[in-house]
Every structure is written in C-alpha cells, then in structure tokens.
Number of protein chains: 2
Amino acid sequence: MPSPPKVPIPTLERLATYMRMLVELSSNGSATISSAEVEVCTGVDASQFRKDLSYFGMFGKPGVGYDVASLQRKIARILRIDSPQPVVLIGAGNLGAALVGYPGMAEHNFEIRAVFDNNFAKIGRKLWDTEILDINDLESVNREIGARIAILAVPSSAAQEVAEHCVRAGMDLILNFAPTHIKMAANIFVRDVSFLQELAVLSFHAGPSDDHS
Amino acid sequence: MPSPPKVPIPTLERLATYMRMLVELSSNGSATISSAEVEVCTGVDASQFRKDLSYFGMFGKPGVGYDVASLQRKIARILRIDSPQPVVLIGAGNLGAALVGYPGMAEHNFEIRAVFDNNFAKIGRKLWDTEILDINDLESVNREIGARIAILAVPSSAAQEVAEHCVRAGMDLILNFAPTHIKMAANIFVRDVSFLQELAVLSFHAGPSDDHS
DNA sequence: CAAACTTTGATCCAAATTGCACAAAGGCAG
DNA sequence: CTGCCTTTGTGCAATTTGGATCAAAGTTTG
C-alpha cells in the first residue's frame, strides 16, 4: 500500500452529518455550498469540515465552494453507501421495530435485508413488511444477503452469544445497542450505542449550580 | 469556587459504563472489584478507570480494590441518579415506545415522568402505562414534574421548534434523537444521538480490503 | 511483627484531535 | 486584462485525551 491514510473516527462521524445535510439541501434545490454555510447548518467548524474532506482528496473550488450533488456522491462512496449497503438486524423488540421503521435508514442507502429473533412467537410474523426469521437460519440466510453489518437490538444477556453467531455468519461490523461490553477478536469492529451513557452525561450537568464549565 | 475541576465528557460516558457494570456485579453478590477486573469487564484500561475516578476524589483501598456497593452509590451521586432523575419524553412514535419500554432506564434511576405528542390520534392513549399528553400542556405539566432533561424522539422537521418549547418549559438538558442540528443558547446543553453516524462509521470500514488501520 | 505482595492515586509522556492562519486558486468587476 | 474579493486546502500550534510508570498505602503470610 502506498500510504494507508488513517481517518479519525470523529471525522467519519461528521461525514455522516454532512451527508444528512447534503441530502436535505439537494432536495431543496441548492446547487453549491461553502464551508462557512456548512458551519451554520451543522454546527461543525468550517475549517474542520475542510480538513475532514482533505483526508480523501480535493472536492471544492476556491472562490465558489462545493457542488452539492457531487459532494453527496463522493461522501456516499467514501461511506460505502453509493450502492445499497445490506444490513442484518437481530432482535425484533421495540428498538428493532423503531430501527426498521426509521425512514432515514433507507434514505441513506442502508438496507435492512433481514430481521432475526429467537422468540418462536415472533418468528414468521412481520415487522413492517419484512418477515421475522429464525436466528438459527442466520448463516444460511446471510450466505445470500452477504451483509457485513449487523445491528444488535437484543438483551444484554444474549449480546455476546449473538455477536459471535453473527461473526460465524460472515459479518465483521457490529453495532451493539445492548448495554454490555462485547469481547471480540481484533478484526471485528464493534461499536456500542448506549442511551444511558448519553443520559448520564446530561444528568451530570444537572448539578446544583448550572455548572456549564 | 476553589477550583472548578472540569470533567472530560469521555470520562462521564465511561462513568455510565462503570455504573452498568456495578449494577450487574452487585446483583451477582460481588463485594469488591479491582481496576484490573474492571478492565476485563468493560474493556476500559485500568489506569483510565482510576484516573476517571480521581476527578472526584479517592474511592478505593490500596491492596484491596473498590467496594462495589459504595462505589455504585458514589458514582450515582456524581451522575445525579442517587435519587430518581425526572425525564420528559417528546414523541410517542416507535422510538419513543422503545425508550419508555427500555428497562435499563428505571434501573438507573431515570424516570420518564411524562410523554408528549402533538398527534391528536395518540393523545390520551397510553404508552405502556403512562398516558400520552398534549404537547401544548408541556409548560403546565413540567411545572409539577420539574424535569430538566428532555428526550426528543420527534421528526427532524419538528426538532428545533420542540426543543425551544422544552426550554420555555424549564428544561435545559436535551437529548436529541432527531437527525438534525439544533441551535440553542449556550446555557442549554444539547446532545445528539444519530444511528446513521454509528452506521456510517461501520460502513466505512467495509472497504475493499479489510482496512482496519 | 516484619517482609513480600497487591493495588491505588498521581505524575509524566505520547498520541490524537481541534482550531487558527496563510498561501494558492478561482471568479468577478471595471 | 488587471486588480480585488471569495473560498479552499494545508501546515502549525494548542488543547485534549489516553496509556505507562512509580511511590505510597494496605493486606497477608510466615
């Protein structure tokens, strides 16, 4: 490899933010946007925006700004959502239902191609318009889908086991909504999402004297 | 004030992680835990754990470790969840339902005391066992509840307006699940949660050659 | 009771991330 | 076509965060 340009995680997170903004802008018919305008729309510092993009090459024209449609295509390619990105969801509970029903998913080219559960009462029923499948069929189904991304919306007690099952089925990118730490081999990329973490950060700031230090 | 010891946000996030672990441990009857064991359970570096706690004083005994029950109480106090922390939820859609039904919320002393919506078809119905209230009653209801934390589970198009409404009702800590940037005065603390951001970070790593650099 | 072992809390250093400043590039007006 | 204005991309300094090291404190064993 010539040079593996390591991209900071925060930069990737912001790329998704830019993507959101661009989707919105393009539907509003805007043609170009400057980094200063990005700062107003997203709250991200203008030079931060430019530096984020600079990890991947040059996208804008000095004196003009960035072409909305073109930039959207390029970020989509970077994030591997220029063509539909297949995703598998495990857990057909409330959270799973919310995720399947979330419109932003499809708008950004993430396609939940299958939903699995281990509850016989749920298997065979439909979540919106996708059938809930038996978790035991994970390997065989994903042999067809070829998803590398798994979303875990299962109880903590099942998370570790389910994650390992996903790995056996060929997935190596895991988004874990269960409030527990998952131990995985180094080549498996796990990302934890915890509502409680977010709430805790807020709650801390509910100190006696508005301690916004 | 003698010295306003600024606490890093990542530290606060990890405190919530420790809290989770402690809740689990105490139900399993463990009495003490060492920072090395914390590293095994949570994946957080042992010295990181000790440093996080050192922002708030001394909690452990050399040669022994930390008393599980005592540490749990102390972290709970830091995060303002030693007594129930009232929370208001706006938006009774799928995500809202998932949040109300999430058991970890109550276990960690976050109490969703009211759910609001602007959809007349939903107002008056029940979400689990809490009634869905009219968003127009936000001020009057929160005068009784006194919540400072608001969770926004509303469409992007409504987020900004609803956030401002929450501020008028006395809330100053906002957890925003809508995929949009909310502009607020500096004394309002806003935290954005975006599934798409998390997915994007994963999806990026679905590069051609497993580029785990 | 003393020596060896364990674990904390603090300090130090390295790595990562952010924000600023400036030169180069492109467009526009006269 | 020339000079001015706008905006990008990048190098650099400053802040923030993470990981390692070490002395001091506490426990256990013989």
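Fair warning: this is a prediction, and the values are worked out from it, not measured in the lab. Each chain gets a letter, A, B and so on, in the order its sequence line appears, and its residues count up from 1.
For the OP1/OP2 pair of C:dG27 and a distance below 4.0 Å, the side-chain nitrogens and oxygens of A:K61 include at least one atom meeting the criterion. In terms of phosphate contacts, B:S35 brings no side-chain nitrogen or oxygen within less than 4.0 Å of OP1 or OP2 of C:dT7. At least one side-chain nitrogen or oxygen of A:R14 sits closer than 4.0 Å to the OP1 or OP2 atom of C:dT18. Distances shorter than 4.0 Å separate some side-chain N or O of B:Y66 from OP1 or OP2 on C:dG9. Side-chain nitrogen and oxygen atoms of B:R50 include none within less than 4.0 Å of the OP1 or OP2 phosphate oxygen of D:dG19.
In this structure, the CZ atom of A:F49 is 14 Å from the P atom of D:dT10, given to the nearest Å. As rounded to whole Å, 9 Å separates atom C1' of C:dA16 from atom OH of A:Y55. As rounded to whole Å, 13 Å separates atom C1' of D:dT15 from atom CD of A:Q48. What separates CD of B:E13 from P of D:dT17 is a distance of 10 Å, to the nearest Å. Between B:D67 atom CG and D:dG26 atom P the separation is 16 Å, expressed in whole Å. Distance, A:I33 CD1 to D:dT6 P: 18 Å, rounded to whole Å. For the pair A:L12 CG and C:dT18 P, the computed distance is 11 Å after rounding to whole Å. Protein atom NZ of A:K6 is 11 Å distant from nucleotide atom P of C:dA15, rounded to whole Å.
Contact of A:K51 with C:dG19 (side chain to base): a donor-acceptor pair of N or O atoms is detected under 3.5 Å.
Residues B:H181 and B:Q160 bring no donor and acceptor atom of their side chains to less than 3.5 Å of each other. Side-chain contact check for B:S35 and B:R50: at least one donor-acceptor pair (N or O, by modelled atom type) lies under 3.5 Å.
Taking only side-chain atoms of B:P62, from C-beta outward, the nucleotide of D:dG19, C:dT8, C:dA25 with the closest atom is C:dT8. Distances were taken from every side-chain heavy atom of B:M58 (C-beta onward) to each of D:dG18, C:dG9, C:dT17; the shortest belongs to C:dG9.
Looking at heavy-atom distances under 4.0 Å, A:S47 makes contact with a base.
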Mind running ring-ring contact (aromatic ring centres under 6.0 Å, His included) on A:F195 and B:F177 for me, showing each step along the way?
CA-CA 10 Å; A:F195 307 147; B:F177 281 90; 5.6 Å; yes

Going through the distances and angles, do B:Y66 and B:F49 end up as a ring-ring contact (aromatic ring centres under 6.0 Å, His included)?
CA-CA 11 Å; B:Y66 301 82; B:F49 171 74; 5.2 Å; yes

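Map A:I9 and A:D45 each onto its nearest nucleotide of DNA chain C; the residue landing nearer the 5' end is A:I9. Place A:F59 and B:V64 on DNA chain D by their nearest nucleotides, and A:F59 ends up nearer the 5' end.
Using a 4.0 Å cut-off between a side-chain N of Lys or Arg and a carboxylate O of Asp or Glu, B:R191 and B:E13 qualify as a salt bridge.
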